[in-house]
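Below: the structure, in structure tokens.
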Amino acid sequence: MRWSHAFIPTLRDDPADAEAVSHKLLVRAGYMRQLMAGVYSMLPLGQRVRSKVMNIIREEIDAIGGQEFMLPQLHPKEIWDRTGRSETMADIMMTFTDNKGAEVVLGPTHEEIFATVSLELTSYKQLPQLWYHIQTKFRDEARPKSGLLRVREFTMKDSYTFDLDFEGLDAQFDRHYGAYVRIFERLGMSAIAVHASSGAMGGKESVEFMVESDVGEDDVAHCAKCGYAANVEKATSAVPPIEDPSGSSEVERFPTPGVRTIAELASFDGGAAPDRQIKTLVYLLNDEITLVLLRGDHVLQEQKLMDVTRTTKARPAQPDEIKALLGADAGSLGAVGVEGVRILADEGLRGRTSMTTGANENDWHVRGVDIDRDIAVTEWVDVREVTDGEACPECGSPLRVFQAIEVGHIFKLGTFYAETLGVTVLDKDGKTIPIVMGSYGIGVERNMAASVEANHDDRGIIWPIEIAPYHVVVTVLRPDDERSIEVSSKIYDDLAVAGVEVLLDDRDERPGVKFNDAELIGIPYRITIGPRGIDNGVVEFVERRSGETREIPIDAIVAEVAALVI
RNA sequence: CGGGCUGUGGCGCAGUCAGGCAGCGCACUGGUCUGGGGGACCAGGGGUCGCCGGUUCAAAUCCGGCCAGCCCGACCA
């Protein structure tokens with residue numbers, strides 16, 4: 001491609017509405033333009049990268065036995081009604097009514113649709129299967145952000161496996177795991193696999209692939225020593241036991257005027273340190289009012305609460321609901337003596353004595369609370385959010401908690417879809433059994449952006465060679481110089497013949513402009529051709545990432561570059 | 001959905017408080033010079049000031065409504 005004829009609209013300034021590095025760079029370097037919130041047009045460079053990302057994914061999924069399909073984006077809402085997901089995913093589902101009056105869904109994902117196709121599977125002899133497609137998804141995210149990282153229309157490779165039993169599922173899951181690891185490597189990212197909450201998917205087990213980034217939307221707890229890794233929505237840690245002073249024989253009420261927070265009670269004369277307090281939260285779990293008890297210095301992880309209680313809808317109680325239940329405002333709540341209400345206590349409180357908590361009367365607290373003796377705990381649960389520096393639950397080393405981008409997510413779905421949609425086969429004994437499913441997603445554009453987040457410097461993008469829009473840019477310093485034209489045209493043609501993807505910068509621009517543009521758009525290698533070098537029979541060869549520069553004889557450059565990139 | 005901010009030429013912005021010629025930088029077109037890190041000079045083209053309505057002799061500017069985008073939070077396979 002000749003740059004003089006290419007549409008590569010680079011910008012000197014960062015776009016005003018971008019925050020994330022990948023967002024700024026992909027717009028500035030002419031890869032994409034925004035059309036509306038969470039919707040982007042891919043320009044030629046962007047489309048080249050996107051298509052290379054898709055090809056890498058395709059290669060790796062084909063390599064584990066995948067069969068590529070292309071399922072529709074338009075779905076009858078009725079199918080989604082059958083699995084109940086038109087309810088559970090209602091807030092992100094794009095729907096419209098067609099001219100006949102039928103309700104239509106723009107597919108946010110394709111479990112239902114692949115499962116519908118799989119209805120034609122009838123015998124155990126046809127299993128296992130691994131089906132996938134790379135298709136546009138629509139999700140009406142309440143808040144699109146960070147360029148390609150969170151959008152409303154995007155491309156996803158989603159694969160689905162169909163097995164006779166859970167052993168088969170495990171094997172397909174493991175193969176996907178391996179394929180995903182290879183994909184992220186080829187995209188130039190170090191992704192770590194973490195245990196995750198399956199959320200709305202309803203699966204029994206899922207693994208997320210996470211790339212550390214300060215624009216990531218998830219928090220991950222990771223142990224560098226033993227490799228333990230989990231989304232904080234699921235992570236646990238080892239809490240060092242606390243020696244309580246020998247218990248008092250009874251609960252004692254005491255006045256605490258104006259005290260409403262853990263911190264205030266900690267500094268109150270006669271109060272207690274945060275780790276010697278019981279924090280009482282009031283929640284509605286699927287509309288059932290519930291007390292959730294935590295150590296004063298611990299933080300509730302709402303997703304863990306929802307998972308452990310199998311709740312689909314959870315919210316903190318409103319102030320008036322709290323008052324009606326316990327007779328006091330938040331800040332003076334306690335579970336001592338409370339009966340007839342579900343009381344969940346975090347494991348961090350197990351066996352604690354001589355604790356301090358609210359008295360359910362404003363401006364009063366109680367101390368000397370012995371949990372086993374004084375509180376009617378319904379269930380002990382682990383609902384505490386892990387924080388940075390706590391001990392790894394596996395090996396005891398300090399955990400690091402960091403932000404990360406979710407670049408892939410694989411689920412063991414089990415038989416939910418098979419059962420609700422009636423996907424069954426006959427086994428060896430002629431018995432009807434539901435198919436065991438898995439689903440495996442990876443967002444194409446999000447991975448593009450995540451790769452930029454992981455591969456850039458202050459001059460621009462540094463693409464990994466496999467997804468760079470071009471392998472090499474040939475920069476002609478003096479397009480008005482005949483010898484320069486001759487030499488560069490020959491190198492350009494020979495590289496192309498050798499299978500190297502090359503961009504020829506033949507624009508009538510100052511050298512500085514060309515160098516800056518080449519570095520901004522992130523082409524891995526640059527060949528610089530100028531009269532000075534030609535006099536000596538050489539061209540200059542620069543590696544984008546290291547900046548390392550060498551002079552190479554004109555007649556050797558093509559072979560040299562071809563050996564590097566092919 | 002709650003809170004905050006912003007819509008002025010392709011991009012980045014000033015002008016709005018205090019109503020009175022629509023500006024600046026970059027980019028773009030033609031030309032001269034220049035030529036190894038966003039060069040200089042000369043001459044140009046391009047804007048319903050987000051939309052609708054109101055106030056006024058006069059509205060980018062004041063008032064009302066709406067729309068859009070960004071950020072924080074809520075939410076989120």
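So that the names make sense, note that chain A is the first sequence line, chain B the second, and so on, each numbered from 1. Because only heavy atoms are used, hydrogens play no part in the values below, and waters and symmetry mates are left out as well, while side chains stay in. Computed from a predicted structure; not experimentally measured.
- Between B:A40 and B:U8, the two C1' atoms lie 30 Å apart (nearest whole Å).
- Contacts of A:Ile92 with the nucleic acid, taken as non-hydrogen atoms under 4.0 Å apart, are absent.
- Residue A:Asp91 is classed as a sugar-phosphate contact, given heavy-atom separations below 4.0 Å to backbone atoms only.
- A:Arg459 comes within 4.0 angstrom of a nucleotide base, judged by non-hydrogen atoms across all strands.
- In this structure, the side-chain hydrogen bond (donor to acceptor under 3.5 Å, both in side chains) partners of A:Tyr283, at least two apart in sequence or on a different chain, are A:Glu302.
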Contacts under 3.5 Å, N or O only, protein and nucleotides 67-74 of chain B:
unit_1, atom_1, unit_2, atom_2, d
B:G69, OP1, A:Ala37, N, 2.9
B:G69, O3', A:Gln34, NE2, 3.3
B:C70, OP1, A:Gln34, NE2, 3.0
B:C72, OP2, A:Arg143, NH2, 2.2
B:G73, N7, A:Arg143, NH1, 3.3

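- Note: NZ (A:Lys514) to C1' (B:G37) measures 13 Å, nearest angstrom.
- Between B:G15 and B:A60, the distance separating the two C1' atoms is 8 Å to the nearest Å.
- Straight-line distance between the C1' atoms of B:C17 and B:C75: roughly 38 Å, to the nearest whole Å.
- Applying the ring-ring contact (aromatic ring centres under 6.0 Å, His included) test to residues at least two apart or on different chains, the pairs with a partner in residues 518-551 of chain A are A:Tyr525-A:Phe541.
- Base-pair partner of B:A27: not found among the strands shown (Watson-Crick or G-U wobble, both distances under 3.5 Å).
- Between A:Glu486 and A:Lys490 there is no salt bridge, since no side-chain nitrogen of the basic residue lies less than 4.0 Å from a carboxylate oxygen of the acidic one.
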(request) List the steps and the verdict of ring-ring contact (aromatic ring centres under 6.0 Å, His included) for A:Trp463 and A:Tyr470. (result) CA-CA 9 Å; A:Trp463 289 112; A:Tyr470 293 95; over 10 Å; no

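- One C1' atom belongs to B:C49, the other to B:U6, and the distance between them is 14 Å to the nearest Å.
- Distance, A:Leu520 CG to B:G37 P: 18 Å, rounded to whole Å.
- Searching all strands for a Watson-Crick or G-U wobble partner of B:C49 with both distances below 3.5 Å returns nothing.
- Atom CZ in A:Phe7 sits about 11 Å away from atom P in B:C11, given to the nearest Å.
- Between A:Arg507 atom CZ and B:G38 atom P the separation is 14 Å, expressed in whole Å.
- In this model, no donor atom of one side chain and acceptor atom of the other lie less than 3.5 Å apart for A:Asn516 and A:Arg12.
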Protein-nucleic acid N or O pairs under 3.5 Å, nucleotides 32-34 of chain B:
unit_1, atom_1, unit_2, atom_2, d
B:U34, O2, A:Arg510, NH1, 2.5

(message) Test side-chain hydrogen bond (donor to acceptor under 3.5 Å, both in side chains) on A:Asp506 and A:Ser4; report intermediate values, then the result.
(response) CA-CA 6 Å; A:Asp506 57 344; A:Ser4 59; 2.8 Å; yes

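- Rounded to whole Å, the distance from CG on A:Leu477 to C1' on B:G38 is 14 Å.
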(message) Under the criterion ring-ring contact (aromatic ring centres under 6.0 Å, His included), I'd like the reasoning laid out for A:Phe209 against A:Tyr177: C-alpha separation, chi angles, the key distance, then a yes or no.
(response) CA-CA 9 Å; A:Phe209 291 88; A:Tyr177 189 110; 5.4 Å; yes

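- Nearest nucleotide to the A:Asp13 side chain, out of B:G38, B:G12, B:G36: B:G12.
- No engagement by A:Gly441 is indicated, since no non-hydrogen atom pair under 4.0 Å with the nucleic acid exists.
- Across all strands shown, B:G2 forms a Watson-Crick or G-U wobble pair with B:C72, both key distances being under 3.5 Å.
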Distances for protein N/O vs nucleotides 7-9 of chain B N/O pairs under 3.5 angstrom?
none

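- Under a 3.5 Å cut-off, the side chain of A:Gln34 and the backbone N or O of A:Met36 do form a donor-acceptor pair.
- In the set B:G35, B:G36, B:G37, the nucleotide with an atom closest to the side chain of A:Arg478 is B:G35.
- For A:Arg152, the side-chain hydrogen bond (donor to acceptor under 3.5 Å, both in side chains) partners two or more places apart in sequence, or in a different chain, are A:Asp140.
- Remark: B:A40 base-pairs with B:U32; criterion is Watson-Crick or G-U wobble with both hydrogen-bond distances under 3.5 Å.
- Exactly one of A:Gln67, A:Lys157, A:His176, A:Glu68 qualifies for a side-chain hydrogen bond (donor to acceptor under 3.5 Å, both in side chains) with A:Tyr132. That residue is A:Glu68.
- With a 3.5 Å ceiling on both atom-pair distances, the Watson-Crick or G-U wobble partner of B:C57 is B:G20.
- Under the side-chain contact (heavy atoms from CB on, under 4.5 Å) criterion, A:Tyr160 pairs with A:Thr109, A:His110, A:Glu111, A:Phe114, A:Asp158, A:Phe162, A:Met437, A:Ser439, sequence neighbours left out.
- Using P as the reference atom, B:A77 and B:G69 are 23 Å apart when rounded to the nearest Å.
- Atom CD1 of A:Ile8 and atom C1' of B:C11 are 17 Å apart (whole Å).
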Could you pull out the protein-nucleic contacts involving nucleotides 27-31 of chain B (nitrogen or oxygen on both sides, under 3.5 Å)?
unit_1, atom_1, unit_2, atom_2, d
B:A27, OP1, A:Arg12, NH2, 3.4

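- If you take atom C1' in B:G46 and the same atom in B:A22, they sit 13 Å apart, rounded to whole Å.
- In this structure, CD1 of A:Ile527 is placed 16 Å from C1' of B:G36, rounded to the nearest angstrom.
- With sequence neighbours left out, the side-chain hydrogen bond (donor to acceptor under 3.5 Å, both in side chains) criterion links A:Thr236 to no other residue.
- On the P atoms, B:A18 is 14 Å away from B:U61, given to the nearest whole Å.
- Evaluation of the salt bridge (Lys or Arg N to Asp or Glu O under 4.0 Å) test over residues 15-38 of chain A, restricted to residues two or more places apart or in two chains, returns A:Asp14-A:Arg28.
- Within the structure, salt bridge (Lys or Arg N to Asp or Glu O under 4.0 Å) contacts touching residues 447-458 of chain A (residues at least two apart or in different chains) are A:Asp457-A:Arg544.
- Every residue meeting the side-chain contact (heavy atoms from CB on, under 4.5 Å) condition with A:Ala229, not counting sequence neighbours, appears here in chain and number order: A:Ile192, A:Val194, A:His222.
- At whole-Å resolution of the value, CZ in A:Phe416 and C1' in B:A77 are 14 Å apart.
- When the P atom is used for both B:A59 and B:C1, the distance is 35 Å, rounded to whole Å.
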